[in-house]
Each structure stands twice: as structure tokens, then as C-alpha cells.
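What follows is one structure encoded as C-alpha cells, with my remarks underneath.
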Amino acid sequence: MRAYYQLYLSYCISRGPNPMDADEIVNEAFFRLFRKWEERYSFDLQQNKKWMYCTIENVIKEYKRKNRKHASEDIELYAESIPEERSSPLTDAEEKIAYQELVTEIEAGLNEGDKTLFHLAYVEEKSYSEICDTVNVNDQALRVRIFRLRKRIEKILK
């Protein structure tokens, strides 16, 4: 645990949870590893690393699912304080034009492969499994590519 804790913590933080919660998520993943240790101690280090990455992903999903429920409850509690109208209302046509301009700006800064991935993931909002089938890559490779794509998009928008 001491040898790989920072590695898994960095990975967990890169997946999106709050850094304060990432510590709890990694600890939960190690706890699950220790509960399964009788089954896993004979596996080599590489297999246990893969198992830990998958476990961290599952704990993150559980964490997000749990927090999404609480977030929606909080919104309902304060719904009365949310204004009925936006301060500067836009028409549907104006919103569509602004959205299309943003998409065009982002696509102008991307290469062809990234444009395809951007379109599938963010414009068409396809699931990871659908994108994997379309671009013919495995799930982990797709996650890396989308992570890198997000970084490129952030640079374009700055």
C-alpha cells in the first residue's frame, strides 16, 4: 500500500473526484483488495495493479452515484431561491448559434482524429462503448484519448 498509494491517488484525482474525496476512494479500493487478498495474493503485481485500477473506477462510480442523489436533494431544498428567468434571456436560435460557433471554434483547433472523437463524445453524446465500437479502440485507450482531448479543448478555449 505504501509503495503504490501515491500512484493510485494521482490516478483517482485524474478521474475527476474532489482531491479530498480521492483519498477516501483509494483507501476503499485498498480495503477491497485486502478483503480479497486470499484470492489475489497468488497473482503477480501487474494483475493486481489492473485490478486496483478497475476497483478505483468502480468506487468512483459508486461515489458519484451516491453524491448525485444528494446533490438533487439539495437543489430541491433551495429551488425557491432560483430565479424564474435568466438575467439576459437568449432565444433558442441565439443559443443554437452560440453553440455552433463554440463547436466550430473547438473543431478548428483539433486534428481529424480528435474532431471525430469530439463529435462522438460531446456533440452526439455517445456512450464510451458506442465510441469504442466506432473508432475501434478499447475502453482504457478511449479514456486516455478523451482525457487528452479535454486538455486540448481547455487550451483552445483559453
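Just so it is clear, the values below take in all heavy atoms, side chains as well, and ignore hydrogens, waters and symmetry mates.
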Only one of Arg150, Arg152, Lys155 forms a salt bridge (Lys or Arg N to Asp or Glu O under 4.0 Å) with Asp114, so which one is it? Arg152
List for me each residue that meets side chain to side chain contact (heavy atoms under 4.5 Å, CB included) alongside Asp139, sequence neighbours excluded, and say none if there are none. Tyr128, Cys132, Arg143
Once rounded to the nearest 0.5 Å, what's the spacing between atom CD of Glu62 and atom CD of Glu28? 7.5 Å
Can you establish whether the number of heavy atoms outside Asn136 located under 6.0 Å from its atom CG is more than 12? no
So, taking the atom named NE2 in His119 and the one named CD1 in Ile131, what distance separates them when rounded to the nearest 0.5 Å? 12.0 Å
For Ile156 and Glu105, work out which heavy atoms get closest and say how close. CG2-O, 3.8 Å
For a 4.5 angstrom cut-off between non-hydrogen side-chain atoms, does Leu110 reach Leu149? yes
Calculate, to the nearest 0.5 Å, the distance between atoms CG and NZ belonging to Leu120 and Lys115 respectively. 14.0 Å
Evaluation steps, side chain to side chain contact (heavy atoms under 4.5 Å, CB included), between Leu142 and Leu117: CA-CA 9 Å; Leu142 179 64; Leu117 191 58; 3.5 Å; yes
Sorted by chain and residue number, the side chain to side chain contact (heavy atoms under 4.5 Å, CB included) partners of Glu154 (sequence neighbours excluded) come out as Lys151
When rounded to the nearest 0.5 Å, the distance separating CD1 of Ile25 from OG1 of Thr55 is 12.5 Å
Heavy-atom distance under 4.5 Å between the side chains of Ile106 and Tyr122, does that happen here? no
Are Phe147 and Val137 joined in one hydrophobic group, where the rule is that I, L, V, M, F, W and Y side chains link up if heavy atoms are under 4.5 Å apart? no
